[in-house]
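Have a look at the structure below, then the notes.
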Amino acid sequence: MVQPFEDPGTLTDPRADTSTQRYEEARAAAHRAMTSVRLVPDQPETEPGFEAADGTERASYRGFKFGAAFFGWLIALSMTVFLTLVVGGLGSLASYFLDYTRLDAQQRPREVALTAAIVVTVVLSLAYFCGGYVAGRLARFDGKRQGFGVWLITLLLIVLVAGIGAALNIWYDAVDDFDRADLPLRVGTLDSDLLLYGGLATAGAVVLLTLVFAILGGRAGRRFHDRIDAEMD
């Protein structure tokens with residue numbers, strides 16, 4: 001009986017299957033990679049000039065804006081004229097019903113001067129609040145600086161006009177032309193000390209209050225945009 005011959009050289013030892021081991025190693029590596037990844041939510045895109053996600057403002061859009069301050073100054077000037085006309089009309093109406101004549105005003109120059117100083121201060125304060133508000137709304141950021149800019153433009157113009165007036169007075173003696181006898185508040189009708197200190201007090205109050213109200217107006221104008229940003233967040 002012939003038995004099949006088997007060549008021992010053709011036989012190989014069985015080896016373990018490595019596919020399962022490679023799969024487990026890849027799975028463990030993927031698990032380690034996923035656990036080390038930090039997911040960050042997408043930040044909403046903001047238009048230029050708006051606040052960033054951390055609440056900070058873009059530096060390029062901050063600071064003093066001359067255009068906003070200039071148009072705010074125009075509004076302040078317009079409101080000064082408008083409020084002056086309103087107060088003048090109300091004063092004329094009150095003097096008509098109270099039968100308050102020019103002779104009465106000339107007999108009480110101190111009361112007239114005090115009333116005029118208060119009215120001028122209130123009118124200018126309200127006017128510059130409106131101008132600061134408009135400047136703050138236009139500039140979008142830094143409303144206080146825009147309100148200060150409205151006041152600063154006025155101060156520079158006053159200094160310029162005062163210089164021109166001083167030069168005209170030196171050359172043409174223009175101040176004496178305004179000292180008319182038909183005015184109720186002439187230089188001679190008031191005490192010199194009262195006129196000096198009263199004028200200085202009124203000027204100081206006007207300068208300080210217009211500055212404060214212009215800054216407050218600019219801050220109020222900025223709050224309009226802050227409320228919109230709070231609603232959009």
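As the structure is a computational prediction, the values presented were derived from the model and not from experiment. Atom set for the values below is all heavy atoms of this structure, side chains included, hydrogens, waters and symmetry mates excluded.
The distance from the CZ atom of Phe82 to the OG atom of Ser78 is 11.0 Å, given to the nearest 0.5 Å. Distance CZ/Phe148 to CD1/Ile153: 10.5 Å, rounded to 0.5 Å. Rounding to the nearest 0.5 Å gives a distance of 10.0 Å between CE of Met79 and OG1 of Thr84. Distance check: Leu77 CG to Cys130 SG gives 12.5 Å after rounding to the nearest 0.5 Å.
A donor-acceptor pair is defined here as one N or O able to donate and one able to accept, closer than 3.5 Å; such a pair exists between the side chain of Gln146 and the backbone of Lys65. In this structure, Thr202 contributes its side chain and Gly199 its backbone to no donor-acceptor pair below 3.5 Å. A donor-acceptor pair under 3.5 Å links the side-chain atoms of Trp151 to the main chain of Val207, judged by distance alone.
There is no path of hydrophobic side-chain contacts, each under 4.5 Å, that joins Leu152 to Leu209. Follow the hydrophobic side-chain contacts under 4.5 Å out from Val150 and you never reach Val161; the two are in separate clusters. Grouping the Ile, Leu, Val, Met, Phe, Trp and Tyr side chains by contacts below 4.5 angstrom, directly or via other members, places Ile215 with Leu155. In the hydrophobic clustering of ILVMFWY residues, with side-chain heavy atoms under 4.5 Å counting as a link, Leu126 and Trp73 come out together. Cluster annotation: Leu114 is connected to Val87 through the hydrophobic network of ILVMFWY side chains, with a link wherever side-chain heavy atoms come within less than 4.5 Å.
The two residues Thr80 and Val123 make their nearest non-hydrogen contact at O-CG1, 4.1 Å. Residues Ala135 and Ala68 share a closest heavy-atom pair of CB-O, 3.4 Å. Counting all heavy atoms, side chain and backbone alike, Ala220 lies closest to Phe129 at CB-CZ, 4.3 Å. Considering all non-hydrogen atoms of both residues, Arg222 and Asp142 come closest at NH1-N, 3.4 Å. Here the closest non-hydrogen pair linking Thr121 and Ser125 is O-OG, 2.7 Å.
With sequence neighbours left out, Arg219 forms a side-chain hydrogen bond (donor to acceptor under 3.5 Å, both in side chains) with no residue at all.
A donor-acceptor contact closer than 3.5 angstrom links the side chains of Thr154 and Tyr128.
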